[in-house]
Amino acid sequence: MGTENRLRAIPSKVPIHLKLTLTAKEAAAYSNIGINKIDKMLRTPNCPFVLYVGNKKLVKRREFEQFISNKLSI
């Protein structure tokens with residue numbers, strides 16, 4: 001079996017609670033916070049849970065969870 005075939009055999013779906021980073025859509029589903037609010041939070045200066053990959057913004061899951069757990073309101 002070639003390397004390419006072995007890579008196809010690996011399941012590509014990783015549960016959200018095991019991912020290091022999330023898309024804004026995944027973060028919204030994970031936290032039950034609207035996607036527009038997540039996007040607004042990601043645009044704030046010095047956001048502690050944003051990770052830029054080129055032009056794409058990802059959410060650092062652990063930092064996001066910590067940020068949410070320390071807030072009373074958003």
Side-chain angles (χ1 to χ4, degrees):
M1 183 183 263
T3 303
E4 187 176 325
N5 289 336
R6 276 187 255 139
L7 290 176
R8 284 191 207 152
I10 298 171
S12 62
K13 286 286 188 179
V14 177
I16 286 179
H17 70 278
L18 295 177
K19 288 185 171 188
L20 292 176
T21 60
L22 308 171
T23 64
K25 188 175 181 179
E26 289 172 332
Y30 183 64
S31 65
N32 202 29
I33 298 172
I35 194 164
N36 291 333
K37 185 64 175 181
I38 298 281
D39 191 47
K40 183 178 177 182
M41 291 164 58
L42 291 173
R43 284 187 267 121
T44 59
N46 301 319
C47 177
F49 53 85
V50 67
L51 173 68
Y52 291 97
V53 180
N55 290 332
K56 185 161 84 169
K57 288 182 265 186
L58 295 175
V59 175
K60 297 178 197 175
R61 184 184 50 81
R62 289 186 195 124
E63 288 84 347
F64 180 62
E65 289 172 349
Q66 186 176 16
F67 178 83
I68 296 300
S69 67
N70 293 330
K71 295 292 180 182
L72 293 175
S73 66
I74 299 177

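All values derive from a computational prediction rather than experimental measurement. Note that these values count all heavy atoms, side chains included, but never hydrogens, waters or copies made by symmetry. Numbers here are sequence positions counted from 1.
- Closest heavy-atom contact between A28 and G34: CB-C, 4.1 Å.
- Within the 4.5 Å cutoff, the side chain of I74 has heavy atoms near those of the I68 side chain.
- Taking K19 as the reference, E26 meet the side chain to side chain donor-acceptor pair (under 3.5 Å) condition, with sequence neighbours excluded.
- Taking hydrophobic clusters as Ile, Leu, Val, Met, Phe, Trp and Tyr residues chained together by side-chain heavy-atom distances below 4.5 Å, L20 does not share a cluster with I16.
- Under the 4.5 Å side-chain heavy-atom criterion for Ile, Leu, Val, Met, Phe, Trp and Tyr, V14 and V53 are members of distinct hydrophobic clusters.
- With a 4.5 Å cut-off on side-chain heavy atoms, L51 and K56 do not count as touching.
- Applying the side-chain hydrogen bond (donor to acceptor under 3.5 Å, both in side chains) test to every pair with at least one member in residues 64-74, sequence neighbours left out, gives these pairs: Y30-E65, R61-E65.
- We find the OG1-CD distance between T21 and E63 to be 10.5 Å, quoted to the nearest 0.5 Å.
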Pair up each side-chain donor or acceptor in residues 41-50 with any protein partner under 3.5 Å, not counting sequence neighbours, and list the distances.
unit_1: R43; atom_1: NE; unit_2: D39; atom_2: OD2; d: 3.3
unit_1: R43; atom_1: NH2; unit_2: D39; atom_2: OD2; d: 3.4
unit_1: T44; atom_1: OG1; unit_2: M41; atom_2: O; d: 2.7

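- The hydrophobic cluster containing I38 also contains L22, counting ILVMFWY residues as joined when their side-chain heavy atoms lie under 4.5 angstrom apart, directly or transitively.
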